[in-house]
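Here the structure is a predicted model, which is why all the values come from computation and not from measurement. Just follow the structure's listing: the first ligand is 1, and inside any ligand the first atom is 1. Start at 1 with the first residue, then count along the sequence.
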Amino acid sequence: MSNRAELMDRARQSIVDADEMKAMSVIDEARAAGFDLVELLRLGFGKGNTQIGDAFEQGILSLPELLYSSEVMKSVTERVMDSIEGTIEKKGRILLATVEGDAHDIGKNIVASTLRANGFEVIDLGREVPASEIIRKAEEYQVDIIGTSALLTTTLPEQRKLEQLLRELGLREKYITMVGGAPCTIRWTRRIGADSYSEDAIDAVRQANLLMEKKNQNKGSR
Ligand code: B12
């Protein structure tokens with residue numbers, strides 16, 4: 001019989017080791033032992049996800065290692081979310097995309113997995129997505145939040161384009177906007193009029209929680 005703390009640690013380690021087989025067997029064991037899979041995702045696998053992001057930033061982890069680990073985190077999140085589909089109430093619906101002209105999606109994928117692991121429904125449009133397409137999909141899925149990632153100084157203006165387009169279409173008040181990516185700053189966020197900026201995936205979850213709370217309070221007071 002597995003003990004909870006030991007399973008959590010094996011979950012964390014499976015992401016660090018990018019070991020998909022080990023990760024899947026941890027999920028099976030946790031399910032058989034009746035553990036909460038969302039908690040396992042958040043406090044076990046999620047911890048590994050944060051650890052690999054930090055290690056890459058500190059130059060301890062190589063790029064291929066980061067990629068392998070984030071792919072395992074993606075599979076694990078999908079497996080857990082599929083198995084609990086419909087049993088938990090989602091905190092909000094978030095659309096994520098890397099902006100047009102930008103092929104960098106490792107960070108966005110980590111943000112997507114971390115948000116999913118923390119109870120958000122994520123619609124991930126992938127990379128190199130034009131602002132008009134982002135808005136079309138936001139309307140189609142009636143999302144609460146639109147999050148964009150930009151890793152190049154040359155593609156950063158696409159985040160401003162999205163804000164402008166939303167305003168032109170009279171949709172700016174309908175959506176909460178979050179921005180991220182290495183060249184993005186708080187100053188840039190204020191300058192373009194986005195609602196929130198996060199330096200990493202954990203802060204993205206914190207911000208998304210706060211923004212949804214605020215949205216729900218406003219709804220309640222109307
Ligand atoms: C991997 C990589 C690539 C890969 C991308 C693979 C992929 N599938 O993503 C490849 C090889 C394709 C690539 C190509 C290019 N790259 Co590149 N690339 C990188 C590299 C090494 C790592 C980026 C990364 O994944 N970081 C790790 C993740 C975890 O961090 P992150 O993306 O910042 O995400 C975190 C936060 O920013 C935040 N976040 C991210 N997105 C979002 C979104 C939201 C909504 C929120 C809230 C938060 C958030 O949370 C994330 C998790 O903590 C960086 C250098 C570096 N060391 O950072 C260069 C870098 C970004 N690339 C660079 C360049 C120049 C290019 C190319 C133009 C090179 C070329 N001449 O062809 C091309 C451009 C291709 C294109 N059209 O986009 C430059 C950019 C310089 C600049 N200031 O513009 C960098 C900085 C390298 C350098 N020092 O010169 N690249």
Going by the atom numbers of ligand 1, which of them fall below 4.0 Å from some non-hydrogen atom of G181?
-> 37 (O), 39 (N), 40 (C), 41 (N), 42 (C), 49 (C)
Shortest protein contact, atom 36 (C) of ligand 1 (heavy atom only) | E199 O, 3.2 Å
Establish whether atom 29 (C) of ligand 1 and some protein heavy atom are separated by less than 4.0 angstrom.
-> yes
Tell me: protein heavy atom nearest atom 64 (C) of ligand 1, and distance?
-> L152 CD2, 3.6 Å
State the atoms of ligand 1, each with its element, that fall below the 4.0 Å cut-off from a heavy-atom position in G101.
-> 76 (C), 77 (N), 78 (O)
Measure from the side-chain N and O atoms of R172 to the backbone N and O of Y175, and report whether any donor-acceptor pair falls under 3.5 Å.
-> yes
Distance flag for atom 88 (C) of ligand 1, protein heavy atom under 4.0 Å = no
Under-4.0 Å heavy-atom contact between protein and atom 55 (C) of ligand 1 = no
Atoms of ligand 1, numbered as shown, that sit under 4.0 Å from any heavy atom of D102 | 78 (O)
Would you please determine whether P183 falls within less than 4.0 Å of ligand 1 on a heavy-atom basis?
-> no
Numbered atoms of ligand 1 (with element) below 4.0 Å of R127, judged on heavy atoms = 8 (N)
Given the protein's heavy atoms, is any one of them under 4.0 Å from atom 10 (C) of ligand 1?
-> no
N/O of I110 under 3.5 Å from N/O of ligand 1, yes or no?
-> no
Would you say L66 touches ligand 1, if touching means a heavy atom closer than 4.0 Å?
-> yes
What's the verdict on side chain to side chain donor-acceptor pair (under 3.5 Å) for E163 and T177, showing C-alpha distance, side-chain angles and the deciding distance?
-> CA-CA 8 Å; E163 296 290 328; T177 57; 2.8 Å; yes
Quick one: does ligand 1 sit under 4.0 Å from the side chain of E128, the backbone, both or neither, non-hydrogen atoms only?
-> neither
Provide the number and element of each atom of ligand 1 under 4.0 Å from a heavy atom of G180.
-> 41 (N), 42 (C), 43 (C), 44 (C), 46 (C), 48 (C), 49 (C)
Backbone N or O of L66 within a donor-acceptor pair of the S69 side chain at under 3.5 Å?
-> no
Under 4.0 Å from atom 40 (C) of ligand 1, is there any protein heavy atom?
-> yes
Output yes when a side-chain donor or acceptor of N118 lies under 3.5 Å from a complementary backbone atom of T114, and no otherwise.
-> yes
So, does K137 use its side chain to make a donor-acceptor pair with the main chain of L125 at under 3.5 Å?
-> no
May I ask you to identify the nearest protein heavy atom to atom 7 (C) of ligand 1, giving residue, atom name and distance to one decimal place in Å?
-> D105 OD1, 3.4 Å
Compute the shortest N/O to N/O distance between S149 and ligand 1 and return yes if it is under 3.5 Å, no if not.
-> yes
Is the backbone of S132 close enough, under 3.5 Å, to the side chain of E100 for a donor and an acceptor to pair up by distance?
-> no
Verify, without hydrogens or angle tests, whether Y197 (side chain) and C184 (backbone) share a donor-acceptor contact under 3.5 angstrom.
-> yes
Can you confirm whether something in the protein, heavy atoms only, sits under 4.0 Å from atom 14 (C) of ligand 1?
-> yes
With a cut-off of 6.0 Å (strictly less than), are more than 12 heavy atoms of other residues, nucleotides or ligands near CD of E139?
-> yes
Decide whether I110 and F56 are clustered together by the hydrophobic rule: side chain heavy atoms of Ile, Leu, Val, Met, Phe, Trp, Tyr closer than 4.5 Å, transitively.
-> yes
Which segment of L63 sits under 4.0 Å of ligand 1 when only heavy atoms are counted | side chain
Could you tell me the residue and atom name of the protein heavy atom closest to atom 6 (C) of ligand 1, and the distance to it rounded to 0.1 Å?
-> I106 CD1, 4.2 Å
Applying a strict 4.0 Å limit to heavy atoms, is G53 in contact with ligand 1?
-> no
Residues R79, D82: salt bridge by 4.0 Å N-O rule | no
closest protein heavy atom to atom 33 (O) of ligand 1 is A182 N, 3.7 Å
Would you say the side-chain atoms of D17 pair up with the backbone N or O of D19, donor to acceptor, closer than 3.5 Å?
-> no
Look at D195 together with K215 and state whether they make a salt bridge at an N to O cut-off of under 4.0 Å.
-> no
Is a side-chain N or O of E29 found less than 3.5 angstrom from the main chain of L7, in a donor-acceptor match?
-> no
G147 heavy atoms within 4.0 Å reach ligand 1 at atoms 45 (C)
Please check if L211 and V205 belong to a single hydrophobic cluster, counting links between Ile, Leu, Val, Met, Phe, Trp and Tyr side chain heavy atoms closer than 4.5 Å.
-> yes
Is E6 paired with R10 through a side-chain N to carboxylate O contact shorter than 4.0 Å?
-> yes
Under 3.5 Å: donor-acceptor pair, side chain of D144, backbone of R93 | yes
Under-4.0 Å protein heavy-atom contact, atom 70 (C) of ligand 1 = no
In terms of residue, atom name and distance, what is the protein heavy atom nearest to atom 58 (O) of ligand 1?
-> F56 CE2, 4.4 Å
Examine distances only and state if a side-chain atom of D102 and a backbone atom of A150 form a donor-acceptor pair shorter than 3.5 Å.
-> no
What is the nearest protein non-hydrogen atom to atom 62 (N) of ligand 1, stated with its residue, atom name and distance?
-> H104 NE2, 3.2 Å
Using a strict 4.0 Å cut-off to heavy atoms of A103, name the atoms of ligand 1 that fall inside it.
-> 7 (C), 8 (N), 9 (O), 76 (C), 77 (N), 78 (O)
Looking at atom 3 (C) of ligand 1, would you say a protein heavy atom lies below 4.0 Å from it?
-> yes
Can you tell me the protein heavy atom closest to atom 31 (P) of ligand 1 and the distance?
-> G107 CA, 4.0 Å
